[in-house]
*Asks:* 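Structure incoming, see below.
A note on names: the letters A, B, ... follow the listed sequences, proteins ahead of strands, and every chain is numbered from 1. Note that the structure is a prediction, hence the values are computed from the model and not measured.
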Protein chains: 2
Amino acid sequence: MNIGQASERTGVSAKMIRYYEEIGLLPSAARRANGYRDYGDREVAVLQFVRRTRDLGFSLEEVSALLALWSDKKRPSRDVKRLAETHIADLERRIREMRAVMKTLRQLAQHCHGDERSDCPILDDLAKPRAPSAKRARRT
Amino acid sequence: MNIGQASERTGVSAKMIRYYEEIGLLPSAARRANGYRDYGDREVAVLQFVRRTRDLGFSLEEVSALLALWSDKKRPSRDVKRLAETHIADLERRIREMRAVMKTLRQLAQHCHGDERSDCPILDDLAKPRAPSAKRARRT
DNA sequence: GTTGACCTTACCATTGTGGGAAGGTGCAGG
DNA sequence: CCTGCACCTTCCCACAATGGTAAGGTCAAC
């Protein structure tokens, strides 16, 4: 089948299918006499796998690792689980950060009239010079 | 003061200070006779404002809007609050999405032995062809 | 034979940041 | 005075992942 059909069946845009091939995430697709890429059920399955892992937030690099694990029938399931849990931990960390930011923003917004008046605690706070306060997450 | 000092005091890299100027987020810095950019307390305050808003996850475009609101002494606080709340809503949405993903991943990981054995429900699930199931968030 | 839907490659844009090269400047020590 | 080092300047490249578009080839239907 053509790339358009493969795209339609997997939800991966033709653009991205070509890109994945270009960066080596996918093997080079077979070509027909006219130069068109040709896809079969196996390729479609791989694309669905990629689509699914992308939807779960894995980076292309992680997807690549997952594809390798997938095709290696003898790899220990530990390897897969570790990758998944690392990703989960990453999501947890990002969510924690975002929640902290939200908390701050909510507090700021709460004290802002939000009407015609021009005085605004949000901007006042944003403009307040921060205490140097522990430069960065120090790892010492 | 030179860009290096300004960077150190604000936590914004010299690279980024130049970039912000280039894209018009910041006005062109004053130059000394030798061509070096020259920063004073006012500029440092603006950079701190930018740094702070960036830390709170606002995009440069939003930062630009906030800077404009900040310098417009007569704008209604409603404008500021709206921008902040839009950002909060955005964070909420993203967190919801990430939590949904985490839930799925946790379920998958939970059923994976994670040991030497090679059978792995995570990969099995990722490989399962999805039911077409409501293509995308349809807006009809 | 023409039209329209598809395919091909190739390049550009996005967002925000870092890296580095090539060259000028400024100061301190010899 | 010269040298070295730390700083500044601009310019270009890279990343991640995706979309857009243009210029051209192909195929099927009419």
*Asks:* In whole Å, I'd like the distance from the CD atom of B:Q5 to the C1' atom of D:dC8.
*Replies:* 11 Å
*Asks:* Within this structure, what is the CG-CG distance for the pair A:L56 and B:D125, rounded to the nearest 0.5 Å?
*Replies:*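 Reported to 0.5 Å precision, the distance equals 8.0 Å.
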*Asks:* Between atom CD in A:E21 and atom P in C:dT8, what is the gap in whole Å?
*Replies:* 9 Å
*Asks:* I need the minimum non-hydrogen distance between A:S77 and B:C120, along with the two atoms involved.
*Replies:*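 So the minimum-distance heavy-atom pair works out to CB-CB, 4.0 Å.
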*Asks:* Measuring from atom CD1 of B:I17 to atom CZ of B:R51, what distance do you get when rounded to the nearest 0.5 angstrom?
*Replies:*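 Separation between the atoms: 11.0 Å.
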*Asks:* Quick one: B:N2 CG to D:dA6 P, roughly how many Å, whole number?
*Replies:*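 Rounded to the whole Å, the gap is 16 Å.
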*Asks:* Show each protein N/O and nucleotides 27-30 of chain D N/O combination with a separation under 3.5 Å, one pair to a line.
*Replies:*
residue, atom, partner, partner atom, Å
D:dC27, OP1, A:N34, ND2, 3.3

*Asks:* Tell me which pairs pass ring-ring contact (aromatic ring centres under 6.0 Å, His included) where either residue lies in residues 15-56 of chain A, with sequence neighbours left out.
*Replies:* A:F49-A:W70
*Asks:* From the set D:dA17, D:dC8, C:dT17, return the single nucleotide nearest to any side-chain atom of A:R54.
*Replies:* D:dA17
*Asks:* Give the nucleotide from the list C:dT8, C:dT17, D:dC8 with an atom nearest to the side chain of A:R37.
*Replies:*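 In terms of side-chain proximity for A:R37, the closest of C:dT8, C:dT17, D:dC8 is C:dT8.
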*Asks:* Under 4.0 angstrom, heavy atoms only, what part of the nucleic acid is A:R32 near: base, sugar-phosphate, or nothing?
*Replies:* nothing
*Asks:* Please compare B:A14 and A:Y20 by the position of their nearest nucleotide in DNA chain D and report the one closer to 5'.
*Replies:*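 Residue closer to the 5' terminus by nearest nucleotide: B:A14.
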*Asks:* Could you give the distance from OG (A:S28) to CG (A:L26), rounded to the nearest 0.5 Å?
*Replies:* 9.5 Å
*Asks:* To the nearest Å, give me how far apart CD1 (A:I17) and P (C:dT8) are.
*Replies:* 10 Å
*Asks:* Mind checking what makes salt bridge (Lys or Arg N to Asp or Glu O under 4.0 Å) contact with B:R9, not counting sequence neighbours?
*Replies:*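 Per chain and number, B:R9 pairs via salt bridge (Lys or Arg N to Asp or Glu O under 4.0 Å) with no residue.
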*Asks:* Just jot down the side chain to side chain contact (heavy atoms under 4.5 Å, CB included) partners of B:S118, sequence neighbours excluded, or say none.
*Replies:*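 Partners of B:S118 under the side chain to side chain contact (heavy atoms under 4.5 Å, CB included) test: A:R75.
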*Asks:* What's the closest nucleotide to the side chain of B:R18 if the choices are D:dC8, C:dT8, D:dT18?
*Replies:*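 Per side-chain heavy atoms of B:R18, the pick is D:dC8.
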*Asks:* Going by the rule salt bridge (Lys or Arg N to Asp or Glu O under 4.0 Å), which residues pair with B:R42 if we only count those two or more places apart in sequence or in a different chain?
*Replies:*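 Testing B:R42 for salt bridge (Lys or Arg N to Asp or Glu O under 4.0 Å), a comparison that skips the adjacent residues, returns none.
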*Asks:* Taking atom C1' of D:dG19 as reference, at what distance in whole Å does atom CD of A:E22 sit?
*Replies:*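 Whole-Å distance recorded here is 14 Å.
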*Asks:* Determine: side-chain N/O of A:S13 to OP1/OP2 of D:dG19, distance under 4.0 Å, yes or no.
*Replies:*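 For A:S13, the contact criterion (side-chain N or O under 4.0 Å from OP1 or OP2 of D:dG19) is met.
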*Asks:* Rounding to an integer number of Å, can you tell me how far B:K15 NZ sits from C:dG16 C1'?
*Replies:* 13 Å
*Asks:* Which ones in residues 56-67 of chain A lie close to DNA chain D, meaning a heavy atom under 4.0 Å from one of its atoms?
*Replies:* A:S59, A:L60
*Asks:* CD/A:E97 to CG/B:D55 distance, rounded to the nearest 0.5 angstrom?
*Replies:*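 Here the interatomic distance stands at 10.5 Å.
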*Asks:* Considering residues at least two apart in sequence or located in another chain, which fulfil the salt bridge (Lys or Arg N to Asp or Glu O under 4.0 Å) criterion with B:D124?
*Replies:*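 With sequence neighbours excluded, B:D124 shows a salt bridge (Lys or Arg N to Asp or Glu O under 4.0 Å) to no residue whatsoever.
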*Asks:* Rounded to 10°, tell me the angle between the two end axes of the helix from C:dG1-D:dC30 to C:dG30-D:dC1, each built from five pairs.
*Replies:*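 It comes to 30° between the two terminal axes.
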*Asks:* Return the value, rounded to whole Å, for the distance between atom OH of A:Y19 and atom C1' of C:dT14.
*Replies:*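 It works out to 13 Å between those atoms.
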*Asks:* How long is the straight-line distance from CZ of B:R52 back to NZ of A:K128, given to the nearest 0.5 Å?
*Replies:*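 Reported to 0.5 Å precision, the distance equals 8.0 Å.
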*Asks:* Using the test salt bridge (Lys or Arg N to Asp or Glu O under 4.0 Å), find all partners of B:K15 that sit at least two apart in sequence or belong to another chain.
*Replies:* none
*Asks:* Under the side chain to side chain contact (heavy atoms under 4.5 Å, CB included) test, which residues partner B:R18, sequence neighbours left out?
*Replies:* B:I3, B:A14, B:R37
*Asks:* Rounded to whole angstrom units, what separation is found between the CG atom of A:D38 and the P atom of C:dC7?
*Replies:* 12 Å
*Asks:* Near DNA chain D, which residues from residues 85-99 of chain B have a heavy atom under 4.0 Å away?
*Replies:* none
*Asks:* Any idea which of C:dT8, C:dC7, C:dG18 is nearest the A:R31 side chain?
*Replies:*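 Nearest to the side chain of A:R31 among the choices is C:dT8.
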*Asks:* Please list all pairs passing the ring-ring contact (aromatic ring centres under 6.0 Å, His included) test where one or both residues lie in residues 72-95 of chain B, with sequence neighbours left out.
*Replies:* B:F58-B:H87
*Asks:* Measure the spacing between CD of B:E85 and CD of B:E92 and express it to the nearest 0.5 Å.
*Replies:*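 Those atoms lie 9.5 Å apart.
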